[in-house]
Amino acid sequence: MVASTITDEPTRRDFLFIATGAVGVVGAAAAVWPFLSQMSPDATTLAAASIEVDIGNIAPGQIVTVKWRGKPVFISHRTPAEIEAARATPLSELPDPATDESRAPNPEWLIVVGICTHLGCVPIGNEGPYNGYFCPCHGSVYDASGRIRQGPAPSNLAIPPYKFAGDAKVTIG
Amino acid sequence: MSGHPTYVPTHPAAQWLERRLPILGLLHSSFVVFPNPRNLNYWWTFGGILSFMLAAQIATGVVLVMHYTPQASLAFASVEHIMRDVNYGWLFRYAHANGASMFFVALYIHMFRGMYYGSYKEPREVLWLLGILIYLLTIATAFMGYVLPWGQMSFWGATVITSLFSAVPFVGDSITTWLWGGYAVDNATLNRFFSLHYLLPFMIAGVVVLHIWALHVPGSNNPTGLEPKTAKDTLPFHPYFTVKDGFALACFLIFFSWFIFYVPNYLNHADNYIEANPLQTPAHIVPEWYYLPFYAILRSIPSKLGGTIAMFAAVLIFAFLPWLDSSRIKSAVYRPLYKIAFWAFVVCAVLLGYVGAQPPEGVYVLAARLLTAYYFLHFLVILPLLGIYEKPRPLPASIADSVLGPPKEAIHADANPAHPRKSG
Ligand code: HEM
Ligand code: FES
């Protein structure tokens with residue numbers, strides 16, 4: 001621009017330009033972070049982490065829905081026939097292979113997050129060709145072990161962390 | 001364009017202002033003497049209709065916010081409060097809800113007008129891209145607005161659409177948690193959607209200003225697709241186009257009023273009068289009608305990631321039109337094959353919308369797949385090839401000729417383009 005700035009030696013203006021630019025870039029990056037971070041789950045959401053459920057009066061064949069972290073969790077008291085069918089399914093028939101033993105260590109109880117792994121609708125229990133779960137939104141079908149069998153959902157219903165406390169209680173989360 | 005008077009303020013107050021901020025002159029040259037092609041038809045009135053509808057959405061929206069509560073446990077009740085207790089609350093809400101649909105009616109007509117008459121072609125590519133930006137912002141705005149009444153469709157529509165991002169490999173679940181501000185759609189989600197629903201329309205208004213700026217550089221396209229050459233080809237904006245736009249707007253508002261006053265819930269879903277319940281999904285969830293073709297495309301692909309990509313691609317592909325259409329001729333009036341392809345695409349888009357509203361089973365699955373294939377075929381194969389193989393009809397010598405008939409001595413063979421496609 002101005003002739004006097006064109007010298008071989010770096011000038012004071014060159015120094016200020018680079019120093020201001022560098023501080024500016026770091027400052028802008030540091031300012032962006034809080035803008036992004038504030039959108040993540042806040043402390044109250046993170047705190048509401050675990051719930052205790054009484055399962056003593058859930059009859060065999062019954063599925064109860066409870067709310068955990070704002071989402072439905074299905075607690076299914078499975079019948080012997082359901083358990084047998086789930087355990088007998090060969091892994092080769094499953095799009096997302098997992099044994100029923102790994103999904104329900106206590107075979108009478110299947111505890112899964114009731115959110116379809118496609119786009120998040122709540123599947124309906126005791127429904128569908130595998131007598132497990134059927135999602136009304138885009139037709140995903142899960143079996144009695146919550147494993148995906150048909151439809152657009154890519155994976156099995158998720159298993160939340162849980163612990164049985166005695167015979168009649170379970171802690172989820 | 002020469003031949004039209006420039007602004008000379010006469011009133012002393014106008015002179016005073018003009019010396020300090022020449023805004024009256026800008027308005028005068030943009031909306032009073034601005035030279036428009038003399039042959040614009042009624043399809044060109046939807047730009048003005050859209051400007052009006054944006055202003056109407058902002059006006060009714062600001063009123064709704066005065067009575068609405070963006071809190072998950074109160075939002076649904078506050079909308080019912082607007083409907084039952086607030087003076088004319090029902091009117092504002094019905095005008096706003098149906099206004100969104102009217103906005104899309106006008107937007108789609110406006111876009112398809114551009115496609116029929118080749119308005120996206122040189123020198124109007126930036127104008128077209130700004131229009132696509134407005135379209136994307138409007139899609140986002142209406143999506144977030146629909147979440148605010150916190151009914152069942154609000155909640156489950158928000159869940160399904162935000163869950164699309166969970167298809168992103170590896171980081172998908174983190175993205176959705178971040179978007180929701182929790183582990184599911186909840187109060188945090190409602191609050192941020194409310195904030196953005198208020199903000200985005202003003203950003204749209206800003207882009208509209210750029211859109212009109214980019215329009216006023218080359219001026220409007222017209223049914224012949226020819227650029228104006230002489231003053232005979234144009235007419236001043238006022239009174240010729242102010243009255244045409246005004247008349248069309250009045251007709252459009254009658255149509256709009258019919259919805260508000262006679263069938264206010266025709267375009268809504270009954271399920272949205274049930275308060276959001278995170279534990280139960282309605283048996284049949286469908287998005288608003290203006291998203292249905294894209295929803296059909298999403299469902300037609302039997303893979304989560306694939307469906308999501310196809311859906312976003314279907315929206316974004318409009319941005320590439322200026323480079324996909326290889327023909328040098330703008331208007332479909334002079335492109336016999338493109339005219340057929342255009343209407344075939346319209347039928348395809350409408351059928352996709354119909355299929356998107358049906359349950360995804362039986363014949364609808366196959367239909368959705370075929371229509372999706374044709375949708376992309378139109379953009380990626382038909383448009384690039386047509387420009388090469390199509391023989392255009394002869395063009396008139398000028399816009400004035402197309403309206404008034406050619407002057408006797410001017411019927412030359414050179415009206416017929418010898419090289420109908422781009423040189424490149
Ligand atoms: C392009 C402009 C806009 C579009 C397309 C749009 C669209 C929508 C839609 C589809 C709804 C749901 C209506 C329903 O079913 O009840 C809605 C609701 C709402 N909008 Fe907008 N809106 C726009 C501008 C605005 C602005 C500028 C504001 C505020 C200044 C606003 C405030 C609201 C409020 C408070 C609601 C909730 C009340 C209700 O559901 O009726 N909107 N909007
Ligand atoms: S959300 Fe369950 S199938 Fe799409």
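In this text the structure is predicted, and so the values were computed from the model without any measurement. Every chain is numbered from 1 and lettered A, B, ... according to where its sequence line falls, protein lines coming before strand lines.
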Novice: Rounded to the nearest 0.5 Å, how far apart are CZ of A/Arg69 and CG of B/Asp186?
Specialist: 13.0 Å
Novice: Given the options B/Ala283, B/Gly307, B/Ser166, which has more heavy-atom pairs under 4.5 Å with chain A than any of the others?
Specialist: B/Ala283
Novice: In terms of heavy-atom proximity below 4.5 Å to chain A, should B/Leu279 be classed as side chain, backbone, both, or neither?
Specialist: both
Novice: At a heavy-atom distance under 4.5 Å, which candidate from A/Pro152, A/Ala153, A/Cys121 has the highest pair count against chain B?
Specialist: A/Cys121
Novice: Kindly compute the distance separating OG1 (A/Thr65) from CD (B/Gln280), expressed to the nearest 0.5 Å.
Specialist: 9.5 Å
Novice: Nearest 0.5 Å, what's the SG-NZ distance between A/Cys116 and B/Lys304?
Specialist: 8.0 Å
Novice: Top residue by heavy-atom pair count (under 4.5 Å) with chain A, among B/Val185, B/Asn187, B/Thr159?
Specialist: B/Thr159
Novice: Less than 4.5 Å to any heavy atom of chain B: does that hold for the side chain of A/Leu36, its backbone, both, or neither?
Specialist: both
Novice: Measure the spacing between CH2 of B/Trp178 and OG of A/Ser37 and express it to the nearest 0.5 Å.
Specialist: 10.5 Å
Novice: Need one label for B/Leu298: side chain, backbone, both or neither, based on atoms under 4.5 Å from any heavy atom in chain A.
Specialist: side chain
Novice: Let's test your reading of the structure: which of B/Thr281, B/Ile161, B/Thr162, B/Thr177 forms the most heavy-atom pairs below 4.5 Å with chain A?
Specialist: B/Thr281
Novice: Does CE in B/Met203 sit with more than 12 non-hydrogen atoms of other residues, nucleotides or ligands closer than 6.0 Å?
Specialist: no
Novice: Between B/Arg299 and A/His138, what is the shortest heavy-atom contact and its length?
Specialist: CD-CD2, 3.5 Å
Novice: At a 4.5 Å cut-off on heavy atoms, which part of B/Phe155 comes close to chain A: side chain, backbone, both, or neither?
Specialist: neither
Novice: Looking at every non-hydrogen atom in both residues, tell me the closest pair between B/Pro282 and A/Pro136 and how far apart they are.
Specialist: O-CG, 4.1 Å
Novice: Can you name the closest pair of heavy atoms from B/Ala184 and A/Gly70 and give their distance?
Specialist: CB-O, 3.7 Å
Novice: Indicate the atoms forming the closest heavy-atom contact of A/Pro72 with B/Pro278, along with that distance.
Specialist: CD-O, 3.7 Å
Novice: If you draw a 6.0 Å radius around OH in B/Tyr108, do more than 12 non-hydrogen atoms from other residues or ligands fall strictly inside?
Specialist: yes
Novice: More than 12 non-hydrogen atoms from neighbouring residues, nucleotides or ligands closer than 6.0 Å to CD on A/Glu101, yes or no?
Specialist: yes
Novice: At what distance, to the nearest 0.5 angstrom, does CG of B/Leu164 lie from CG of A/Leu119?
Specialist: 5.0 Å
Novice: Determine whether more than 12 heavy atoms belonging to other residues, nucleotides or ligands lie under 6.0 Å from atom CZ of A/Phe17.
Specialist: no
Novice: Could you look at B/Pro359 and say if it's the side chain, the backbone, both or neither that has a heavy atom under 4.5 Å from chain A?
Specialist: neither
Novice: Could you tell me which portion of B/Trp156 (side chain, backbone, both or neither) has an atom closer than 4.5 angstrom to a non-hydrogen atom of chain A?
Specialist: side chain
